There are 2 protein chains.
Amino acid sequence: MASQAPAPRTPLSRDRVLRAAVQIADADGLDAVTMRRIGEALGAEAMSLYYHVANKNDLLDGIVDVLIDELNEAVDRLVVVKDWKAAMRHRILTARAVLLRHPWAPRLLESRTTMRPAVVIYHDRLVGLMRSGGFSYDLAHHALHALGSRALGFSQELFDPANANPNPDADARMLAELAEQVPNLAGMLAEVAHDDPDSTIGWCDDQQEFEFALDLILDGLARLASR
Amino acid sequence: MASQAPAPRTPLSRDRVLRAAVQIADADGLDAVTMRRIGEALGAEAMSLYYHVANKNDLLDGIVDVLIDELNEAVDRLVVVKDWKAAMRHRILTARAVLLRHPWAPRLLESRTTMRPAVVIYHDRLVGLMRSGGFSYDLAHHALHALGSRALGFSQELFDPANANPNPDADARMLAELAEQVPNLAGMLAEVAHDDPDSTIGWCDDQQEFEFALDLILDGLARLASR
DNA sequence: TAAGAGAGACTTACAACGTAAGGGGAAGAC
DNA sequence: GTCTTCCCCTTACGTTGTAAGTCTCTCTTA
């Protein structure tokens, strides 16, 4: 009998696996990224992935690579600016714009302890900018620590409104109950509520707060560098 | 036949469960905190814990409570200082000292999205200090965001030396291989290596870097507050 | 052209996890 | 003496990462 045309399938590859993983994370979050789910997305079995990826940890590292490559690409497209501070600010805010497309990125990056080359390269460019601004290596080093994850465009928020309480009222209610115990926060909230009656405890503008902190740090560094 | 004296056992309680969980985390890390393991530590079955704890998420929230209570206790023992900046600095560094006793704390705190009263209370005191220093509510609010997790005594480091590569040489080797691609970092490393031949990529003094960043932020805030 | 050697996928199976569902016994209430 | 309520245990299920082994193409080499 004539043999059926075999199911046309593009072969797996590390790259295809990683891209599928990123798509799943974008769509359904980091927890949805399981070996079986990736296999399903690629029309393969979970165990087949292990030929292209050592284990789950390696997979996550690979996702970071894909992510930071995207980030480096966006950031290297920027026009060159002479002022180091403006350049760093622009670079970091561009990085942030990329990360905002992948809400799972902060959690993933925080979970990684190994150094990935792409991340190292990203930070190298920042040091380069600071050097051009007259930074000593020592100050540049301090600066990297001071920026921390902010260098990559995100700040670790204790209460992330993105994955926060589904009913914001509960937060406000708890704060109201605690009012006697937290007079200062209660006062703060009251003032904000006066200015903007619709506001709840999640009144913060993430982008604005991020820029505030970034500028605070960059201004402080500028003062130290100009000594 | 005479009934045996029943095994004398102290009854479970939410508090005992949480304390056992903290002990396990201290000893073997956060991943070792499983329901079965806690049960074992208490001479009970895993499912028995569910009478005192709603689920694993609730358990983790409870651990945060225990942790932050310990923190608030230490911090409230501090002598009162007039200068708000010195007071905040002292308070935050004290909080840090507590967290250093629980290396798993940062990862846990970052993973929590719900607001715990103890955490809210802690931040309220910080706002109080800032108010005493003449901060508007608006500036205090910005300040909390700028500090982020640093307010609690830790900064999210991308490469945490605590749980980093077991063989630090590998990192240095990778950096050497990347030297052409990361000239700035290579230069930075070279200078540090010159000053201290024993240093590797993990040369950073965590405490010193934390204080540098903290002071950078506090000084910046002081400048804004005095306007 | 036949035989051998991988490369690349699949099959099966297991331990560990969180937890749903229900059972049982002891202590106090009526 | 019965009932209720509290507290703990037993059993079992679905999901996860992954160890171990197998099958099947395709390419190389004699």
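Sequence lines set the chain letters: A, B, ... in the order given, protein chains first and strands last, and positions in each chain run from 1. Fair warning: this is a prediction, and the values are worked out from it, not measured in the lab.
- For B:L49 and C:dC17, the CG to P distance is 13 Å, given to the nearest whole Å.
- Considering only residues two or more places apart in sequence or on other chains, B:H52 meets the ring pair (Phe, Tyr, Trp, His ring centres under 6.0 Å) condition with none of them.
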Identify every side-chain donor-acceptor pair in residues 38-47 of chain B under 3.5 Å, counting partners at least two apart or on other chains, and give the distances.
none

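- Applying the side chain to side chain donor-acceptor pair (under 3.5 Å) criterion to B:R125, with sequence neighbours excluded, gives no partner residue.
- Within residues 58-67 of chain A, no residue has a heavy atom under 4.0 Å from DNA chain D.
- Partners of B:R96 under the salt bridge (Lys or Arg N to Asp or Glu O under 4.0 Å) rule, at least two apart in sequence or in another chain, do not exist in this structure.
- The side chain of A:S48 places an N or O atom within less than 4.0 Å of a non-bridging phosphate oxygen (OP1 or OP2) of C:dC10.
- When the salt bridge (Lys or Arg N to Asp or Glu O under 4.0 Å) test is applied to A:D69, no partner is found at least two apart in sequence or on another chain.
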Annotated protein contacts, base or backbone, on nucleotides 13-26 of chain D with a non-hydrogen cut-off under 4.0 Å, one of B, S, - each: ---BBBBB------

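- In this structure the side chain of B:D65 never reaches within 4.5 angstrom of the side chain of B:L18, judged on heavy atoms.
- Residues satisfying the side-chain contact (heavy atoms from CB on, under 4.5 Å) test with B:A32, not counting sequence neighbours, are B:I24, B:D28, B:R37.
- Taking atom CD of B:E45 as the reference point, atom C1' of D:dT10 lies 8 Å away to the nearest angstrom.
- B:H52 has a side-chain polar atom (N or O) that falls below the 4.0 Å cut-off from OP1 or OP2 of D:dC8.
- Taking the six-membered ring where tryptophan is involved, the planes of A:W104 and A:H102 are tilted, since the angle between them lies from 30° to 60°.
- Contacts of B:F212 classified as ring pair (Phe, Tyr, Trp, His ring centres under 6.0 Å), with partners at least two apart in sequence or in another chain: A:H142.
- Partners of A:D76 according to the side chain to side chain donor-acceptor pair (under 3.5 Å) rule, which considers only residues two or more places apart in sequence or in another chain, are A:R91.
- Of the residues in residues 14-21 of chain B, none has a non-hydrogen atom less than 4.0 angstrom from any atom of DNA chain D.
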Solution key, residues 178-193 of chain A side-chain donor-acceptor pairs under 3.5 Å, sequence neighbours excluded:
unit_1: A:N184; atom_1: ND2; unit_2: B:D124; atom_2: O; d: 3.2
unit_1: A:N184; atom_1: ND2; unit_2: B:D124; atom_2: OD2; d: 3.0

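- Between D:dC7 and B:Y51, a contact under 4.0 Å exists linking OP1 or OP2 to a side-chain N or O.
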